[in-house]
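From a predicted model like this one, the values you see are computed outputs, not experimental measurements. We count ligands from 1, going down the list as the structure has it; atoms in each ligand are counted the same way.
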Amino acid sequence: MSPYTPATIECNGETFKPYLSENQLQERVKELGAQLTRDYEDKRPIFIGVLNGAYIFLSDLMRHVQMPCEVDFLKLSSYGDEKVSSGQVTSLKEIDADIKGRHVVLVEDIVDTGLSMKYLLEQLRTKEPASLATVSLLHKKDATHYDVQLDYVGFKIPTLFVLGYGLDYAQEGRNLAQIYILDE
Ligand code: IMP
């Protein structure tokens, strides 16, 4: 079966062009997995994925983590059908695991303003993990207003809307095998 990688994609009335290829994504995810394997050896970390956007990245990343580890998920309110943050974050699903005294790695698809990450770090810190690190596949560096701790970043990208590889626009586009960017 060949991956879903059209030359351009129309979504919600806008056109997107390829930005990060499947190969670039897979290579970088492999590197991040290797780095985490080195840094967390013997720590039995728990990876916490932020739904929905991080589900594909996290599932690929975990398969490059070569040591015992666990996974759990939480869910935040989304952008809805908009391309800009509402400026408000609410929790739609909390983690099930007890992370007190555990080494926690929070896994995000993208950090834009940084509001979601800031909120999540504050929430998770109250649960007293032994350590708390963050991984984000993408970082819109110039759009980030909040001072958030980013320990592992896949790619720094411009302040433009992207979709694919788990990321959506109005819930579409998650199944694209590469990342597309708004064709301005
Ligand atoms: P922040 O709270 O502004 O940092 O936004 C983080 C969340 O917004 C991410 O987890 C995504 O769900 C969503 N988001 C931000 N930028 C994009 C984008 O370019 N494409 C798709 N979703 C995005």
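Taking every heavy atom of E108 and a limit of under 4.0 angstrom, the matching atoms of ligand 1 come to 10 (O). Taking a cut-off of under 4.0 Å to the non-hydrogen atoms of L115, the atoms of ligand 1 that pass are 2 (O), 4 (O). Atom numbering of ligand 1 starts at 1 in the shown order; those under 4.0 Å from a heavy atom of K140 are 16 (N), 17 (C), 18 (C), 19 (O). Listed by number with element, the atoms of ligand 1 under 4.0 angstrom from any heavy atom of S116 are 1 (P), 2 (O), 5 (O), 6 (C). The contact set between ligand 1 and L167, taken as ligand atoms under 4.0 Å from a residue heavy atom, comprises 20 (N), 21 (C), 22 (N).
Ligand 1 is never approached by V50 to a heavy-atom distance shorter than 4.0 Å. Remark: distances from the non-hydrogen atoms of G53 to ligand 1 are all 4.0 Å or more. Under a 4.0 Å heavy-atom criterion, K118 is not in contact with ligand 1.
At a heavy-atom distance under 4.0 Å, atoms from both the backbone and the side chain of I110 approach ligand 1. Contact annotation for M117 and ligand 1: no heavy atom of the residue comes within less than 4.0 Å of the ligand.
Linking Ile, Leu, Val, Met, Phe, Trp and Tyr residues whenever their side-chain heavy atoms come within less than 4.5 Å places F155 and F57 in a single cluster.
No side-chain donor-acceptor contact under 3.5 Å links T113 and H145. In this structure, a donor-acceptor pair under 3.5 Å is present between the side chains of T90 and S77.
With contacts defined as side-chain heavy-atom distances shorter than 4.5 Å, the pair E14/Y169 qualifies.
Considering all non-hydrogen atoms of both residues, Q149 and D151 come closest at NE2-OD2, 2.7 Å. Residues L121 and T134 come closest through the heavy atom pair CD2-CG2, 3.6 Å.
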* **salt bridge (Lys or Arg N to Asp or Glu O under 4.0 Å) between E122 and R125, intermediate numbers included** => CA-CA 5 Å; E122 282 167 5; R125 276 192 195 113; over 6 Å; no

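Between V111 and ligand 1, no pair of N/O atoms sits closer than 3.5 Å. When only interatomic distances are considered, the shortest N/O to N/O separation between F161 and ligand 1 does not fall below 3.5 Å.
When the options D168, I179, T113 are ranked by their closest heavy atom to atom 21 (C) of ligand 1, first place goes to D168.
A tilted orientation is assigned to the rings of Y152 and Y40, their planes being inclined by 30° to 60°.
Annotation for K100: atom NZ does not count as buried by contact number, only 12 or fewer foreign heavy atoms lying within 6.0 Å.
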